[in-house]
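The sequence lines fix the lettering, A, B, ..., with proteins before strands; numbering per chain opens at 1. Please read all numbers here as calculations on a predicted model, not as lab measurements.
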Amino acid sequence: MFDMTTLGDDAIAAKGWFESHKYLILRRLSQLGILALFLTGPWFGIWIVKGNLASSLTLDILPLTDPYVLLQAMLSGVVPETAAIIGVVIVLAFYFLVGGRVYCSWVCPVNMVTDLAAWLRRKLGIRTTSQISRSTRFWMLVLTLILPLVVGGIVWELVNPVSMMFRGIVFGMGAAWVMIVGIFLFDLLVAKDGWCGHICPVGAFYSLLGSKSLLKVNASQRQACNDCMECYVVCPEPQVIKPALMGEKKGLSPVILSSDCTNCGRCIDICAKDVFSYGGRHATKIDECKREGEINRGVRV
Amino acid sequence: MSEAERKNEMNRRRFLGNMLKTACGVGLVGLGLGAYSKRASSMPANYIRPPGALPEEDFLGACIRCGLCVRDCPYDILFLGEVGDEVATGTPYFIARTGPCEMCEDIPCVVACPTNALDHDLKDIEDSRMGLAVVIDQENCIAFHGLRCEVCFNVCPIRNRAISLDMQHNTRSGKHALFIPVVHSDACTGCGLCERACILEEAAIKVFPTHLAKGELGKHYRLGWKEKEKAGEALVTPDTEHRYNLPEGMRYDQQGEGLIIEGEAEKTPFSSNPLDTLNSGFMDK
């Protein structure tokens, strides 16, 4: 099987430590930075962003509202205020362009927990698998949207670990840490990428939202791939890589088109051969990619 | 059946089987969530929602748990329910005894609410009904012992309308008065300033959610005197008015004063009602 002890060594040797962890570091900065913007108020009295991810107000002018939570509220019969409508349009537009699951890998605080669990799984060599299907999250999404219609309240928000963790950090955690530890243990011991990749309806919602997004990861240098398989190991949604990376003979686009892709960029970091890069959705012409690749290589040499 | 067909059939069965399993699992989660949501929507009696909050059931559908009301409260009285609290996770509340609503005129918490869970139609804070104050312990409220307190009456921001003092005879001493605080639901906003101010170790006046604090008359009830007012005349044959045979210069008022000896009214600058003296200086408010 795959040797976990040398995972990432090739990339570090080829590109250096920083370059082979670039997007990981940027993602942590993004996740922690967003939390910091919400925390300067309650901690230091400097109010930059008020509220939490469900709805916030930045510098007393910019409203941002989570479309998934607002949708649940509207299904239980709410007519939102203008600020919420403006906020939700901005958020929808943003994720529609950059990819819905950018929320998962660049914003969501639970991602730090599940990434830690995945990292520890690799270190400890835990290989448990579960029967849970990756489509479960879409069933969960349907469920969370039906419940407000039946029960008449935002039921999912009573237990949603994503909002609980963020709200917990900003407003007070209570016993919510139990749930976060639960997710950590579930991902560590029961199923690889169990929460984010299989169950979480928030990710499912954002996945649908970004299904036509413009920003995509592109295996533009796929002819340079040496089949080391490291991208599959670190990817939280490894099923999305194969069509783009291995699909040259079938004439498939090198762009990772699946909306399950979180645009986290771990594949870009881990690849010693620089196969992957961020690019546009429509950068599909292979010739063009090759040319771009040559130019890139030229710059690097 | 050919090999390929059988394989297809097997795949189809496996696919349907897996889908059914997932659907059942998610369905069970749904049942659990539904049951939990019923339990989680109960609130302790001393947890009061912010001004303008919709009725609890609607509120739980409308509030997206963003905490903007908490942030915009200038007195920092609002909290979001945490996991383990007996209130729906992430929803705002305050506890009157420790931090009552100060009744801001511009109602910033309502303005901040992005979803109308706090009703934006609420423009005058005096129209809000967060709960209702109740003089819950008449054994320990010192006004009932004939002691002068009136703190709740004095801190009430809707002075003399939400809480008035009712003068009663002190039967213990036989010669003093009791000034009993009485809450009027047509004016009380449930802000809880009275509860915080109550001088007892444990407040004798407390704010409760309105549905706990109020009784309700049976829908079939008709109050005779109101019906009479509506009709403009008595609905039953009126009693013949009783007449006394009194000496000259005397009358008898059936409705209130009793025996009236004309020309004997006392000339005094003070009202016969001590509450007028207590309220002097406030009445022009």
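Neither the backbone nor the side chain of B/C69 comes within contact range of chain A; no heavy atoms are under 4.5 Å apart. In this structure, the portions of A/L57 lying under 4.5 Å from any heavy atom of chain B include both its backbone and its side chain. Within the 4.5 angstrom heavy-atom criterion, only side-chain atoms of B/L80, from C-beta onward, approach chain A. For A/T136, the parts lying under 4.5 angstrom from a heavy atom of chain B are both the backbone and the side chain. Within the 4.5 angstrom heavy-atom criterion, no atom of B/D58 approaches chain A. Interface remark: A/M164 contributes side-chain atoms only to the contact with chain B (heavy atom separation under 4.5 Å).
Along residues 28-41 of chain A, no residue comes nearer than 4.5 angstrom to chain B, judged on non-hydrogen atoms. Residues of residues 100-111 of chain A lying within less than 4.5 angstrom of chain B, judged on heavy atoms, are absent.
Under the 4.0 Å criterion applied to side-chain N and carboxylate O atoms, A/E237 and A/R137 are assigned as salt-bridge partners. By the 4.0 Å N-to-carboxylate-O rule, A/D60 lies close enough to A/K50 to be salt-bridged with it. At a threshold of 4.0 Å, the pair B/R196-B/E102 counts as salt-bridged, since one of the basic side-chain nitrogens sits closer than that to a carboxylate oxygen. Salt-bridge check for A/D115 with A/R27: passed, with a basic side-chain N closer than 4.0 Å to an acidic carboxylate O. Salt bridge absent: B/E202 and B/R97 never bring a charged side-chain N and a carboxylate O closer than 4.0 Å.
Counting only N and O atoms by type, the side chains of B/T189 and B/S128 include no donor and acceptor under 3.5 Å apart.
When the candidates B/N116, B/V70, B/L68, B/D72 are compared by the number of heavy-atom contacts under 4.5 Å with chain A, B/L68 comes out ahead. If you tally non-hydrogen atom pairs under 4.5 Å between each of A/M74, A/M179, A/R167 and chain B, the highest count goes to A/R167. Listed options B/C63, B/G81, B/G61 were ranked by heavy-atom pairs under 4.5 angstrom with chain A; first place goes to B/G61. Top candidate by heavy-atom pairs under 4.5 Å with chain B, chosen from A/V170, A/D66, A/V150, is A/V170.
Cation-pi geometry between B/R71 and A/F171 is met: the NZ or CZ atom falls under 6.0 Å from the ring centre, inside 45° of the normal.
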